[in-house]
Amino acid sequence: MYVLGIESTAHTFGVGIVEDGEVLSNERDVYKPASGGIIPREAALHHYTLGPSILKAALKRAGVGIKEIDLFAFARGPGILSCLKTGAQMAAFLSAKYGREVVGVNHCIAHIEIARKCSGFADPLMLYVSGGNTQIITFQNGRYVVFGETQDIGIGNLLDKVGRRLGIPFPAGPKIEEYAKAGKHYIKMPYSIKGMDVSFSGIETFISRVQNEHRIEDVCFSLQETVFSMLIEASERAMAYCKKDSMIIAGGVAANTRLNEMGKMMCGERGSSFARIPMEYAGDNGAMIAYTGYLMRDYDRQLPQPKPNFRTDAEVIKYR
Ligand code: ATP
Ligand code: FE2
């Protein structure tokens, strides 16, 4: 069975194809604003303009004809409405033209499912860290339950905002990681865990006050050490509480080596397993939508309509 998945929730337009759940292709292009953050209208125009060529590239790479596709999956949300619409429209068009059904996938759950597939873990604790989302997730009673999350901005947004202050273009995560490797001096930053939740906004304010007094390498190093420690501490507590013996990190920030190192260290000390997700599947991509659509193949069909505020715990998981 061939499933084609379309990702368009924010900056990335991606198309992936899976055959019986195995990835055949995963093509994408990322919209990069000239300066500042994402401009929704521009991002949507990027998706609308490049979408067809990315679709063609994914089919070519997979060696599959469009008429052979059995099911079209698209990311329903959460995300930016104008961006979501481009993916939904493509799914609706393909469905009508080729007479195949459409399945709407929760973007956050797709990050989780591709990470779970890559790790081989049946029931891990999941730390989902991306631009807009920072959630500690466990599977309970047929849903992905958010055990802890950010009380304000997502960790990726924090990295991107701080990056903008430091003159690093969007997305800033990879460059901050590079600078952090050359950091030598730790600057004490606000460390905020409230119960199982974390809070990041104080850190940006703090950095705005001290950034001129320190080397950029030390600011980036201290930023990473502080925010990743908060996340790993909260994750460790969640693992103990929920009695999970494995952990995965999903989402765009999962591309970060230092965060993975800390996760691995924490799991090692507890005698638990840890897996790092391949870079290709860390950030937004079409393969994760296709794979999750494949998992949902026997259950859910929706009208191809976006759902911008689609929460992780809103979906009842029928395939697990
Ligand atoms: P979501 O809709 O799930 O919130 P997203 O639209 O933010 O996703 P992703 O591709 O999942 O998209 O994540 C992008 C984020 O990942 C950006 O904020 C970027 O700075 C961050 N990022 C990418 N690479 C790294 C890295 N090496 N280290 C830290 N952060 C990174
Ligand atoms: Fe994402």
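We count ligands from 1, going down the list as the structure has it; atoms in each ligand are counted the same way. Every heavy atom of this structure was used, including side-chain atoms; hydrogens, water molecules and symmetry mates were not.
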For atom 19 (C) of ligand 1, which protein heavy atom lies nearest, and how many Å away is it? Pro171 CB, 3.7 Å

Nearest non-hydrogen protein atom to atom 21 (C) of ligand 1, with distance, is Val253 CG2, 3.9 Å

With a 4.5 Å heavy-atom cut-off, do Val253 and Phe228 have their side chains touching? yes

Among Thr292, Asn133, Asp284, side-chain hydrogen bond (donor to acceptor under 3.5 Å, both in side chains) partner for His111: Asp284

Answer side chain, backbone, both or neither: which part of Phe170 comes under 4.0 Å from ligand 1, heavy atoms only. neither

For ligand 1 and His11, I'd like to know whether there is a polar contact (N/O to N/O, distance under 3.5 Å). yes

Tell me, which protein residue and heavy-atom name are nearest atom 2 (O) of ligand 1, and how many Å apart are they? His107 NE2, 3.3 Å

What's the shortest distance from atom 4 (O) of ligand 1 to any protein heavy atom, and which residue and atom give it? Ser130 OG, 2.6 Å

How long is the straight-line distance from CG of Leu259 back to CD of Glu225, given to the nearest 0.5 Å? 10.5 Å

List every atom of ligand 1 that sits less than 4.0 Å from any heavy atom of Ala172, numbering the atoms from 1 in the order shown and giving each element. 20 (O)

Looking at atom 7 (O) of ligand 1, what's its closest protein heavy atom, distance included? Gly131 N, 2.6 Å

CG/Leu55 to CD1/Ile69 distance, rounded to the nearest 0.5 angstrom? 8.5 Å

Quick one, Thr134 and Phe200 - any side-chain contact, counting heavy atoms below 4.5 Å? yes

Hey, looking at atom 10 (O) of ligand 1, which of Asn256, Ile168, Asp284 has the closest heavy atom? Asp284

Report yes or no: is the cationic atom of Lys175 (NZ for Lys, CZ for Arg) under 6.0 Å from the centre of the six-membered ring of Tyr179, at an angle within 45° of the ring normal? yes

Heavy-atom nearest neighbour of atom 20 (O) of ligand 1 within options Leu159, Asn285, Asp160: Asp160

Close N or O approach (Gly252, ligand 1; < 3.5 Å): yes

May I have the angle between His111 NE2 and His107 NE2 with its vertex at the Fe ion (ligand 2), rounded to 10°? 90°

Any N or O of Gly283 closer than 3.5 Å to N or O of ligand 1: no

Separation between OH of Tyr98 and NZ of Lys67, rounded to the nearest 0.5 Å: 6.5 Å

When you compare ligand 1 with Phe228, is there at least one nitrogen or oxygen pair between them that comes in under 3.5 angstrom? no

How far is atom 31 (C) of ligand 1 from its nearest protein heavy atom, and which residue and atom name does that atom have? Gly173 CA, 3.5 Å

Checking the side chain of Arg100 only, and the main-chain atoms of Val3 only, is there a donor and an acceptor separated by less than 3.5 Å? no

Would you say Phe206 has more than 12 foreign heavy atoms packed within less than 6.0 Å of its CZ? yes

Member of Arg164, Arg165, Arg209 meeting the salt bridge (charged side-chain N to carboxylate O under 4.0 Å, His left out) criterion with Glu204: Arg165

Taking the minimum heavy-atom distance to atom 24 (N) of ligand 1, which of Ala180, Pro78, Pro174 ranks first? Pro174

